Amino acid sequence: MNEKFLKPYNPAETEPRIYEKWLESGFFNPDNLPGKRTTPFTIIMPPPNANGSLHAGHALFITIQDIMIRYRRMRGDKALWVPGADHAGFETQVVYEKKLEKEGRSRFGMDPKQLYKEIYDFTIENKKIMEDQVKTLGASCDWSREKFTLDPEVVSEVQKTFVKMHDDNLIYRGKRTINWCPKHQTSLSDVETENVEEKTPFFYFKYGPFTIGTVRPETKFGDKYVVMHPNDKRYAKYKHGDTLEVEWINGKITATVIKDEAVDMEFGSGVMTITPWHSQIDFEIATRHNLDMEQIIDWRGKLLPIAGEFAGVNIKDARPKIVEKLKAKGLLEKVDENYTNVVKRCYKCNTSIEPQIKDQWFVKMKPLAEKALEAVEKKEVVFIPNNYEKIFRYWMENTLDWNISRQIVWGIQIPAWFKNRGSESEKIKISLQSPGEGFEQDPDTFDTWFSSGQWPLLALNYPSGADFKTFYPTDVMETGHDLIFKWVPRMVIFGLYLAKKAPFRTVYLHGLVNDAKGKKMSKSKGNVINPLDLTEKYGTDALRIGLVVGNTPGTSLALSEDKIRAYKNFANKLWNIARFVLENTEGVNIKDGFPERNEHDEKLRLERRSILEDVTKDMEEYRFYLAAEKLYHYTWHTFADKILEESKTVFADGSDEAKVRRKQFLLHTLDALLKALHPFMPFVTEEIWQVMYKGEKMLMVEKWPVGGHIE
RNA sequence: GGGCGCUUAGCUCAGUUGGUAGAGCAAUCGCUUUACACGCGAAAGGUCGGGGGUUCGAGCCCCUCAGCGCCCACCA
């Protein structure tokens, strides 16, 4: 008997060795797979942040995707799983800025090219840590095809897309309200901001004959438009366009009456003044009526000269001073202290977002979104679970034009060129190369979703690569359900726009991984579970199957250590099952087959077959959580508890023929279970397989046990 | 304010097309049974959130009420 079996299963010793063996085999690369394989099966891995460690969510998606890939590979497909690493734009730049700060440096004033290079080197160096963690989790992805989101060919292809979209009249430059982080000196997308509820005083001020309500008196210096609802009877005597002199913060100003339906008659006094430069809604009102807009707060968050005596004051300090002054002038009517409103904050530094107006590049979303909707309607893209289709549609039916400009260095620079920027004679040209003397490239970079939206194409070397021809469109996009609007629609849009085909047929969405009590993991709560710690303690196989069993797509999962421990026991159980079977079948060759079966054996065989067929159906229909549980159950409570126990009697008292028959049955069942369990628990199954077949073949490329392969 | 989802054993969750409920952990009792104490055997535990309806039959379909969670949103 193999000496290994004398001890409990030891994942720590086994796993790295097995992974190395798989790597050496070259079978992660579909070009090397044995046999004739014509059907491709492709998954593009959502690239983890090159700079970060994997968290529990990564462990879950790597497990699910690896299950799909291993299963399809065993079914005989040309299975390709392309790994990647994400530069994670703003995220990484913030990390690097902190590093610079520690060194007493700052990105402001640094040569952008130098800064880019430093972050690049830093990221590439760290990338290996992330990759090693992916390997630890058993991912059978093709490392020879790994892509980084800032690889030179990726950068140039993304820039080409921008040029193409511009040529197709899908890009425009415009002044819009953006979310400006005064600390990071960049605009942020809505998803990079956090809405925080705050209790804040709500002030009522006299503004000529009106009373206006506001939470931000410090922005109100230039407010010369007073807005009310056209149907508000209280103010019926004031007509749209009327002007009147009012006493205001720094003296008299001329106010103009504006009637607009955006005003809520029920709220406050039903009258407000507007600050179009620093408020989205005010900007929209001002745009509708073609009103003047003036900047009050500079990019650093300080008041501009329009504030008179308050010029240069930081916006955070300005409020009490201005309220004091208005109070002194007798303009403060009352203060409501129990008011709560929602403030946007930078998700990285918690700084209050200052809405600002800035020239940015925009993508016209409507024509693109319509195509995406159409593809979903035609079922060219399907969602698991299905209800996410509704969310996708809602998102695509309500698109706003997409601001793709970011004022950070760490990203793909926008291929737009300026001559005499900001002056009357400003010229803008869109091209990959400098259009000539005197032109300077826009220092802004693309929103990270602009490039990651093209990832399925880029990862397959669109447009001319051989992989693109073979593997596009891909089969499954497996990602977190929170990306149903951030990422998935953009991929569909770019796939349809560039390749005329949706980039994947199936979108499989997993839920959040929460702590054992179902609470969201967060550093501040201290309940973060590091998947690599669990791997170390219980083995990767235990973590993987523990993450999968009972975890339905789309719903979040409570990750408890108890559960992982239970599946570690299962790995060991399987180990001992193998030990029993192999010990008791020495000298019997599985290839010799069965003597004639009796009724009882036939019953056992049919039961086994039915379980495996059932499991196969579940695999085909993406019910991994059921497949895993059924296999677990059959293995432990039927094969071990009943069949193995019964075999002891057969081996003690049975006829020679009965013994041989039983031995064959045990070997065939073990063989089939190892195969069926392999996608879920690749390490322990491969290890046993190596012992069982003395290293002659590899489980990873064996045929799935249903469809005539068993017996 | 909109949208989505959840409510099943003490805890965390499954339950695929409607046929009177399952898993893991925890808790109880008994086992040094030669594959495994990371184990074995046994027993226990649920009027499937409340109410109503459809049906021969509902955890599953429909209506309604209650509680919880998540996402989106410019009420100054």
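Since the structure is predicted, the reported quantities are computational estimates derived from the model, not experimental observations.
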What N/O pairs connect the protein and nucleotides 11-17 of chain B at under 3.5 Å? Give each pair on its own line.
unit_1, atom_1, unit_2, atom_2, d
C13(B), O2', Gly550(A), O, 3.1
A14(B), OP1, Thr552(A), OG1, 2.8
A14(B), OP1, Thr555(A), OG1, 3.3
A14(B), O5', Gly550(A), O, 3.4
G15(B), OP1, Tyr625(A), OH, 3.2
U16(B), O2, Arg623(A), NE, 2.9
U16(B), O2, Arg623(A), NH2, 3.1

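Atom CD1 of Ile564(A) is separated from atom P of A23(B) by 19 Å (rounded to the nearest Å). Rounded to whole Å, the distance from CG on Leu509(A) to P on C4(B) is 17 Å. The CZ atom of Arg393(A) sits 18 Å away from the C1' atom of G2(B) (whole-angstrom rounding).
Using a 4.0 Å cut-off between charged nitrogen and carboxylate oxygen, Lys224(A) and Asp292(A) count as a salt-bridge pair. Using a 4.0 Å cut-off between a side-chain N of Lys or Arg and a carboxylate O of Asp or Glu, Lys642(A) and Glu607(A) do not qualify as a salt bridge. Taking 4.0 Å as the cut-off between side-chain N and carboxylate O, Glu397(A) and Lys366(A) do not count as a salt-bridged pair.
One C1' atom belongs to C62(B), the other to A23(B), and the distance between them is 31 Å to the nearest Å. C36(B) and G49(B): their C1' atoms are spaced 42 Å apart (whole Å). Straight-line distance between the P atoms of A9(B) and A21(B): roughly 15 Å, to the nearest whole Å. Of the P atoms belonging to C61(B) and U7(B), the separation is 11 Å, rounded to the nearest Å. Nucleotides G5(B) and U20(B) are separated by 28 Å at their P atoms, to the nearest Å. Spacing between G57(B) and C25(B) at atom P, rounded to whole Å, works out to 39 Å. Rounded to a whole angstrom, the distance from the C1' atom of G59(B) to that of A14(B) is 12 Å. Rounded to whole Å, the separation between the C1' atoms of G45(B) and G22(B) comes to 13 Å.
Every residue two or more places apart in sequence or in another chain was checked for a salt bridge (charged side-chain N to carboxylate O under 4.0 Å, His left out) with Asp541(A), and none qualifies. Applying the salt bridge (charged side-chain N to carboxylate O under 4.0 Å, His left out) rule to Glu284(A) yields no partners; only residues at least two apart in sequence or on another chain are considered.
Nucleic acid contact for Tyr632(A): sugar-phosphate only, since backbone atoms but no base atoms lie under 4.0 Å from a heavy atom of the residue.
For Trp704(A) and Tyr71(A), the distance between ring centers is under 6.0 angstrom. Centroid-to-centroid, the aromatic rings of Tyr207(A) and Trp248(A) come within less than 6.0 Å. Two rings, from Tyr567(A) and Tyr538(A), have their centers 6.0 Å or more apart. For Tyr204(A) and Phe202(A), the ring centers sit closer than 6.0 Å to each other. Between Tyr388(A) and Phe383(A), the distance separating the two ring centers is not shorter than 6.0 angstrom.
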Between Thr214(A) and Thr273(A), does a side-chain contact (heavy atoms from CB on, under 4.5 Å) hold up when you go through it step by step?
CA-CA 9 Å; Thr214(A) 183; Thr273(A) 62; over 6 Å; no
Run Asn551(A) and His510(A) through side chain to side chain donor-acceptor pair (under 3.5 Å) and show every step you take.
CA-CA 9 Å; Asn551(A) 181 18; His510(A) 62 255; over 6 Å; no
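The structure places CG of Leu670(A) at 10.0 Å from CG of Leu677(A), a figure rounded to the nearest 0.5 Å.
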B/S/- along nucleotides 34-42 of chain B (protein heavy atoms under 4.0 Å) is -BB-BSSS-
Sugar-phosphate or base contact per nucleotide [nucleotides 68-76 of chain B; S, B, -; heavy atom under 4.0 Å]:
---SSSBBB
Output field dot_bracket for RNA chain B (Watson-Crick or G-U, both distances under 3.5 Å, | for other-strand pairs) contains (((((((..((((.....[..))))..((((.......))))......(((((..]....))))))))))))....
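No side-chain N or O of Asn530(A) forms a donor-acceptor pair with one of His55(A) less than 3.5 Å apart.
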